[in-house]
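Structure first, then comments.
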Amino acid sequence: MEDPNFHRAVERSQSLVNKVLNDIPEAHKSCVRSKSLTLQPSSESKNLQYMESSLGIPRAPTLKGLSDEFRLEMCLDRMSEGLQMYQDLLGVLSDRVSTPERLTELRADITDLLAQVVKMREMAHLETGVKYAGSGLASRLTGDYEMQVATHLILVQLQDFTRDIFRSLRNMGETKPEVQG
């Protein structure tokens with residue numbers, strides 16, 4: 001049976017995803033001063049892969065459309081894990097940038113989105129999902145340049161992950177997963 005409350009939770013989540021996507025450019029502008037680090041794809045991204053690796057910035061889990069191999073539980077687990085990871089990363093950054101307000105707002109939106117994902121898990125009668133263990137990023141941010149690059153990379157990754165969440169939520173709305181009841 002299809003649960004209308006689950007469908008409403010998906011819609012609320014999509015709204016929060018849009019809010020996060022709209023807030024990322026402002027957070028980037030307020031925290032990243034280097035003009036060469038933009039949210040627009042560029043050839044610079046290849047050069048930043050080394051910094052991403054040396055700083056040990058984790059990657060969000062991969063999201064896919066629902067299928068027999070990628071079920072609702074796995075999708076919600078990965079969303080939850082990725083959102084917890086970005087909560088951690090944005091918390092680290094917020095403690096170190098000179099103007100943390102936009103990052104703090106973005107982190108609050110991610111917390112709200114994570115709460116919606118938890119509600120969807122509960123509505124689908126799924127067990128508690130995964131818990132993110134932490135990145136340890138703070139110890140690797142030794143200078144201003146590293147902070148600028150880490151902030152840039154994390155916001156670019158968050159933007160990509162949030163777009164993937166939106167596509168997954170849209171897929172959930174279209175496939176109408178059955179909720180156990």
Side-chain angles (χ1 to χ4, degrees), residues 9-63 76 78-120 130-170:
V10 168
E11 288 174 349
R12 281 192 299 276
S13 296
Q14 287 174 318
S15 176
L16 286 166
V17 164
N18 283 326
K19 188 170 183 343
V20 168
L21 286 170
N22 289 332
D23 289 348
I24 289 173
E26 286 301 315
H28 192 275
K29 187 164 73 171
S30 75
C31 297
V32 179
R33 294 181 305 276
S34 175
K35 300 295 180 208
S36 65
L37 300 174
T38 68
L39 287 174
Q40 307 309 318
S42 70
S43 59
E44 190 69 26
S45 63
K46 293 223 186 291
N47 298 333
L48 295 175
Q49 286 177 347
Y50 171 76
M51 286 296 294
E52 179 181 4
S53 176
S54 68
L55 290 171
I57 298 172
R59 286 260 168 201
T62 303
L63 297 175
L76 292 173
R78 289 188 181 179
M79 282 182 190
S80 177
E81 182 181 2
L83 292 169
Q84 289 174 58
M85 181 187 84
Y86 285 113
Q87 279 182 316
D88 170 60
L89 294 173
L90 291 174
V92 169
L93 297 176
S94 293
D95 291 343
R96 294 175 175 265
V97 297
S98 57
T99 54
E101 297 81 17
R102 296 288 185 181
L103 291 179
T104 302
E105 291 170 16
L106 192 55
R107 189 172 184 220
D109 292 339
I110 288 171
T111 299
D112 292 345
L113 180 54
L114 179 58
Q116 284 299 311
V117 171
V118 169
K119 279 184 188 177
M120 287 189 286
V130 294
K131 294 285 183 205
Y132 180 71
S135 66
L137 178 64
S139 64
R140 296 185 296 277
L141 297 177
T142 56
D144 186 59
Y145 180 72
E146 287 84 1
M147 260 306 297
Q148 295 287 308
V149 171
T151 302
H152 167 74
L153 290 170
I154 289 166
L155 290 174
V156 167
Q157 287 181 13
L158 175 59
Q159 189 173 46
D160 291 343
F161 182 67
T162 308
R163 287 177 179 147
D164 289 345
I165 288 177
F166 187 82
R167 283 189 285 276
S168 293
L169 291 169
R170 186 177 60 218

In terms of side-chain geometry, is the basic nitrogen of Arg33 or Asp144 positioned less than 4.0 Å from the acidic oxygen of its partner?
yes

Can a salt bridge be assigned to the pair Lys29 and Glu26 using a cut-off of 4.0 Å between side-chain N and carboxylate O?
yes

Minimum heavy-atom distance between [X] and [Y], given as atom pair plus value:
{"X": "His152", "Y": "Leu39", "result": "CE1-N, 4.4 Å"}
{"X": "Leu114", "Y": "Ser80", "result": "CD1-OG, 3.6 Å"}
{"X": "His28", "Y": "Leu37", "result": "CE1-O, 2.9 Å"}
{"X": "Leu141", "Y": "Ala150", "result": "CD2-CB, 3.6 Å"}
{"X": "Pro61", "Y": "Glu81", "result": "CG-OE1, 3.8 Å"}
{"X": "Ser30", "Y": "Ala27", "result": "OG-O, 3.1 Å"}

Is there a side-chain contact (heavy atoms from CB on, under 4.5 Å) between Val20 and Ile165? Walk through the geometry before answering.
CA-CA 11 Å; Val20 168; Ile165 288 177; over 6 Å; no

Value rounded to 0.5 Å, distance of [atom1] in [X] from [atom2] in [Y]:
{"X": "Thr104", "Y": "Asp109", "atom1": "OG1", "atom2": "CG", "result": "11.0 Å"}
{"X": "Glu146", "Y": "Ser54", "atom1": "CD", "atom2": "OG", "result": "7.5 Å"}
{"X": "Ile24", "Y": "Leu103", "atom1": "CD1", "atom2": "CG", "result": "10.5 Å"}
{"X": "Gln116", "Y": "Thr111", "atom1": "CD", "atom2": "OG1", "result": "12.5 Å"}
{"X": "Leu21", "Y": "Phe166", "atom1": "CG", "atom2": "CZ", "result": "8.5 Å"}
{"X": "Met147", "Y": "Thr151", "atom1": "CE", "atom2": "OG1", "result": "3.5 Å"}

Side-chain contact test, heavy atoms from C-beta onward, threshold under 4.5 Å: evaluate it for [X] versus [Y] and give yes or no.
{"X": "Leu55", "Y": "Met51", "result": "yes"}
{"X": "Leu158", "Y": "Leu89", "result": "no"}
{"X": "Leu93", "Y": "Arg107", "result": "no"}

Run the side-chain contact (heavy atoms from CB on, under 4.5 Å) check on Leu137 and Ile154 step by step: do they pass?
CA-CA 11 Å; Leu137 178 64; Ile154 289 166; 3.6 Å; yes

Angle class for the Phe161/Tyr86 ring planes (parallel below 30°, perpendicular above 60°, tilted otherwise)?
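Phe161 and Tyr86: tilted rings.
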
Assess the residue pair Arg12 and Asp112 against the criterion (side-chain contact (heavy atoms from CB on, under 4.5 Å)); give the C-alpha distance rounded to whole Å, side-chain angles, the decisive distance to 0.1 Å, and a yes or no.
CA-CA 10 Å; Arg12 281 192 299 276; Asp112 292 345; over 6 Å; no

Derivation of the side-chain contact (heavy atoms from CB on, under 4.5 Å) call for Leu106 and Leu155
CA-CA 10 Å; Leu106 192 55; Leu155 290 174; 3.6 Å; yes

Kindly say whether [Y] contributes a backbone atom to a donor-acceptor pair with the side chain of [X] at under 3.5 angstrom?
{"X": "Ser168", "Y": "Asp164", "value": "yes"}
{"X": "Arg102", "Y": "Cys31", "value": "no"}
{"X": "Arg140", "Y": "Gly56", "value": "yes"}

